[in-house]
Amino acid sequence: MEQLRNELLEHNERYYVDEAPIISDADYDALVRELASIEAEHPELDTEDSPTHRVSGRRSETFAPVVHSTPLLSLDNAFDADELRAWDERIQRRLGAGENERIDVGYVAELKIDGVAISIRYEDGELVQAATRGDGRIGEDVTANVRTIDPIPTTLPEGAPRVLEVRGEVFMSSDAFEALNEWASEHGHAPYINPRNSASGSLRQKDASVTARRDLSMWCYQLGELEGGPTLTRHEDTFDLLRDLGFPVNPEIRTVDTIEEVIDVSLHWQEHRHDLDYEIDGVVTKVSDLARRDELGFTARAPRWAIAYKFPPEERTTELHDILVSVGRTGRATPYAVLEPVFVGGATVERATLHNEDQVEAKDVRPGDTVIVRRAGDVIPEVVGPVLAARKRGLRRWTFPTTCPCPLESTLVRPEGEADTRCVHPECPFQQQGAIEHYASRGAMDIEGLGERSIAQFLDLGLLSDIASIYELDFDRILELEGYGQTSVDNLRTAIDDSTRMPLPNLLVGLNVRHLGPAAAEALADHFGHLDRIVEAATADDGVDRLAAIDGVGPKIAETVCAWFRQEPNQVLLERLRAAGVNFEGPEREDVDQTLEGCSVVVTGTLENYSRDEVESAIKARGGKAPGSVSKKTIAVVAGEGPGASKLTKAEELGVPVLDEAGFEHLLETGELP
Ligand code: IVH
C-alpha cells in the first residue's frame, strides 16, 4: 500500500506539476484500482489522505491562484456494466429504497470529454474569471486565455443570473489537433502527443495570443455558484439555462430512466467514439433530480450522484525494446517497434509499424525508451512517441540499417526525394514471401491453408520460389513434413486448384503490381475482358495513355502496370500461370440498369439485407460511387442500424436526404429519391 501510494503521488507530481507524465492514464487508473482494492480488504490500514480519496492535481506557479467557490471534484470510475449496476444499487440503498422498490431519480448520460476541466465565473453578465481545476480547491487563473476561446461568451444576454459559474471541459477537436501538428511539423517542432495535452498546453500559454491561435472549444456540463437565476430542479434545467445563455452544450446528452439504458448508451459510444470530431474517454452519468443529489452528497473525492464509465484504454505506456526492419512484397523496408507486450484497444500489442525513416526521426523514439502505444478502433497500432521525462541516459538515436535483413544481405536504397527505403534484389526471399502471401490472401486468390508460416517453410525447403511455383508444389514432399496429414494436404491441393478459377480482378491484384488495388483491377478486367488484351494494351507504345484513360485507373497506376507487364520475367511468369490453368478471362457482365450513373451514395451503419461489401457493389454495379464521407456531391445518405453521428450531422448541414433501407432499394431500382 505504501509503495503504491508513493508511486501515485510521484505520478501526480509528474502529471500536474511537471506536465510530463511518464505513464498513460490507463496505467495510472490501474494503480489507483489496485490500491483501492487493497484498502477495501484492509480498511484498518486505509488513511484519509490516500490518493484514492483525494482529488489529485496541483497548480503551477506560472498563474495566479484562484480559490474555487465550491471545489471541482473528480469522478468515481466504472470499468464495466456490473460496476455501473453496483453504483445504481448503491444509490437506491442510500436513498432508502426498500427491497423491491425503486426510487426514480432519472439519469443523464453525457460524453466524458477528454480535455481540461475549467470553471468560468460571470458577474452581472460579464466574464470575470476563469480557472483550471488545479488541486480541486485552488486552481490557476487563466482568464486572459479563456477569453480568446471562440465559443465561450464573454458577455451574457440581458437577464442573466447575477453570479454564474459555469463548468465544463475545454478541448481541441481532432481536426484542430491535426492542423496544429501539421503546423508543428512545418516549423520543425516536435509533434504534440494527443489533443488533450495540446488543449492543456494551449490553455496554459503565458501569451494569450498563442491560445487564440489554437482553435480550442468547450462543452459546458455543470454549474458552480448560481445567484439570482431561475430555480433548477433537474439536470436538464441546467442545460436549458446554459443553452439559453449561449454556452456550448454537447448535443449528444441523453436523459434515460434505468441503469440498463445507461449501459446501452455507454456501450454505444464505446463503439462509436471515433465518429466524433473530438476525443472522449468514457460516458459520465449523473442523477438528474437535484434534490436527490443533495441527499446523496459527496465523498472527499467525488460526488456520489455521478459516475464515469471509462472505455477500455486506447493508449498505454510500455517499453520499446528494439527497432527492426521488415521487407515486404514490394521490397519496401519498413521499420517497426518491438515492444514489451501491452494490452491496449482490446488486443495485446507487441509490434507496431514506424512507417519509414522520416517517421522514426520525427518521433525520435529510441530502443530503451518508454513509449506511448495507441490502438484506436480498427486503426493499426501506433507508437505515438517517447515519454521524454522517462528517458534513460545514454540512449542513442536510431539509424536506418544499410543492408536488407534477408540472408542475401543486399543493399537497402532510399532514392532521392522518396520516403521509402527499398531492397532492390529480385531474389530477396522476404519479397518472395510477401508476394506469395499476397497472392494467396483473401483479396486476391484466396488460397486457404497457404499462410505466412507454411509459405516461410516451403520457401525454406525450396518447395516454393515464386507465385507460379504454387501450382508446381510437390505434395508428396509436403506430406512428409511434420504437421501435415493427408487431410490438410488434400485441403491445400483443393484450395490451390480452386484458385485457378478465381475471377480476373483477383488474379490482377495477386500479381503484386505496385499501386494496382482491387478497384483498378476491376476496372481493367471490365474494360478488357481478358488478361491477354490487358497485356497487349500495356505493352503497346501508347500503353500508358490507353490504360490511364480508363475510368478508375489513372496515370500513376497505368505507369506501374505497363512497366510490370513489359518485364520479361513477368511475361514468363504469366505463361507459367496460364500453363497451370489459371483463369485469365474477365467477368461476364450482367446487364444491370445504370440507375446511379455518376452519383455518390454514402452508407452508414448496418443494413439488414446487405453486408458492407454488398452495399458497395450494389451501388457500383449501377454506375454509382460509395465514398466514405458526406460531401456536396452526395445525393443521399443511407442510414442503417447504429449510423455515424458525424455523417448524419453533415448530411443535415448540406441538406442531403437520409434514406432507410427501403428508400435505398427504391433508389437502386429507379435512381430516384423516394
Ligand atoms: S462532471 C462533480 N461531466 O472528467 C462533477 N466531468 O474524471 C465533476 N469530464 O474532472 C465533473 N466530461 O474534467 C463531468 N460530461 C462531463 C465530463 C467531465 C469530462 C472530466 C472532468 C472531471 C473528470 C473526472
Side-chain angles (χ1 to χ4, degrees), residues 12 15-16 21 24-26 28-29 32-33 36 51-59 68-79 83 87 107-120 130-137 139-140 142 146 165-172 194-197 199-200 203 216-226 235-236 238-239 242 247-256 262 265-266 269 273 276 278-288 290 292-294 296-311 313:
N12 286 348
Y15 185 100
Y16 290 105
S24 66
D25 291 0
Y28 179 88
D29 284 345
V32 173
R33 283 165 75 73
T52 55
H53 305 309
R54 282 191 339 192
V55 176
S56 44
R58 283 267 289 275
R59 59 211 153 70
H68 296 301
S69 59
T70 51
L72 264 74
L73 291 177
S74 193
L75 288 171
D76 283 334
N77 295 327
F79 292 89
E83 292 183 3
W87 171 71
Y107 288 136
V108 178
E110 304 170 18
L111 302 182
K112 183 165 176 357
I113 314 296
D114 202 4
V116 185
I118 200 100
S119 165
I120 313 176
T132 63
R133 185 170 81 158
D135 63 5
R137 217 170 47 82
E140 303 151 311
V142 287
V146 165
E165 197 191 326
V166 177
R167 295 176 175 185
E169 205 83 354
V170 166
F171 65 95
M172 189 178 278
N194 60 36
R196 206 256 327 265
N197 279 20
S200 171
L203 196 61
L216 293 173
S217 315
M218 180 172 186
W219 295 126
C220 301
Y221 50 64
Q222 207 64 42
L223 291 186
E225 210 177 325
L226 175 66
H235 192 41
E236 295 90 310
T238 306
F239 288 131
L242 285 170
F247 288 97
V249 172
N250 189 280
E252 309 291 354
I253 294 162
R254 294 282 172 273
T255 306
V256 297
V262 166
V265 173
S266 305
W269 284 115
R273 60 191 292 191
L276 299 164
Y278 43 87
E279 299 214 323
I280 59 172
D281 59 347
V283 169
V284 181
T285 298
K286 300 171 185 171
V287 166
S288 172
L290 301 184
R292 294 294 190 190
R293 280 194 188 181
D294 288 341
L296 289 162
F298 300 84
T299 66
R301 207 184 91 92
R304 292 200 186 85
W305 42 262
I307 190 133
Y309 171 75
K310 287 264 210 124
F311 299 148

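Both ligands and their constituent atoms are indexed starting at 1 by order of listing.
Only backbone heavy atoms of L111 (N, CA, C or O) come within less than 4.0 Å of ligand 1; its side chain stays farther off. Contacts between R133 and ligand 1 below 4.0 angstrom, taking non-hydrogen atoms only, involve the side chain exclusively. Residue E110 touches ligand 1 through its side chain alone, judged by heavy-atom distances below 4.0 Å.
For the pair Y28/N12, a side-chain contact is recorded, criterion being any heavy-atom separation below 4.5 Å from C-beta on. L72 is not listed as a side-chain neighbour of T132, based on a closest heavy-atom distance of 4.5 Å or more. Contact of the F247 side chain with the I120 side chain is not registered, since no non-hydrogen atoms from C-beta on lie closer than 4.5 Å. Contact annotation: the side chain of L276 approaches that of L111 to within less than 4.5 Å [non-hydrogen atoms, C-beta and beyond].
Residue, atom and distance of the protein heavy atom nearest to atom 13 (O) of ligand 1 are E169 OE1, 2.8 Å. The protein heavy atom nearest to atom 17 (C) of ligand 1 is Y221 CE2, 3.3 Å. Distance from atom 12 (N) of ligand 1 to its nearest protein heavy atom, with residue and atom name: I113 N, 3.0 Å. Here the heavy atom of the protein found nearest to atom 4 (O) of ligand 1 is K112 NZ, 2.9 Å. Looking only at heavy atoms of the protein, atom 3 (N) of ligand 1 is closest to K286 NZ, 3.0 Å.
Where the criterion is an N or O separation shorter than 3.5 Å, residue side chain and backbone included, W305 fails it with respect to ligand 1. When only interatomic distances are considered, the shortest N/O to N/O separation between S74 and ligand 1 does not fall below 3.5 Å. Of the N or O atoms in P303, none lie within a sub-3.5 Å distance of an N or O in ligand 1. Ligand 1 has no N or O atom lying under 3.5 Å from any N or O atom of Q222, backbone or side chain.
Taking the charged nitrogens against the carboxylate oxygens, R196 and E279 have no contact shorter than 4.0 Å, which rules out a salt bridge. Salt bridge R301/D76: present, at least one basic N to carboxylate O contact under 4.0 Å.
Within ligand 1, counting atoms from 1 as listed, the ones closer than 4.0 Å to a heavy atom of L75 are 6 (N), 8 (C), 24 (C). For ligand 1, the atoms closer than 4.0 angstrom to any heavy atom of A117 are 13 (O).
Using the six-membered ring where Trp is involved, Y278 and W219 have ring planes that are perpendicular, over 60° apart on the 30 and 60° scheme.
The line from OH of Y221 to CD of E169 is 4.0 Å long, rounded to the nearest 0.5 Å.
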Query raised in the report: Should Q222 and T238 be marked as a side chain to side chain donor-acceptor pair (under 3.5 Å) after you check the CA-CA gap, both sets of side-chain angles, and the distance that decides it?
Result: CA-CA 7 Å; Q222 207 64 42; T238 306; over 6 Å; no
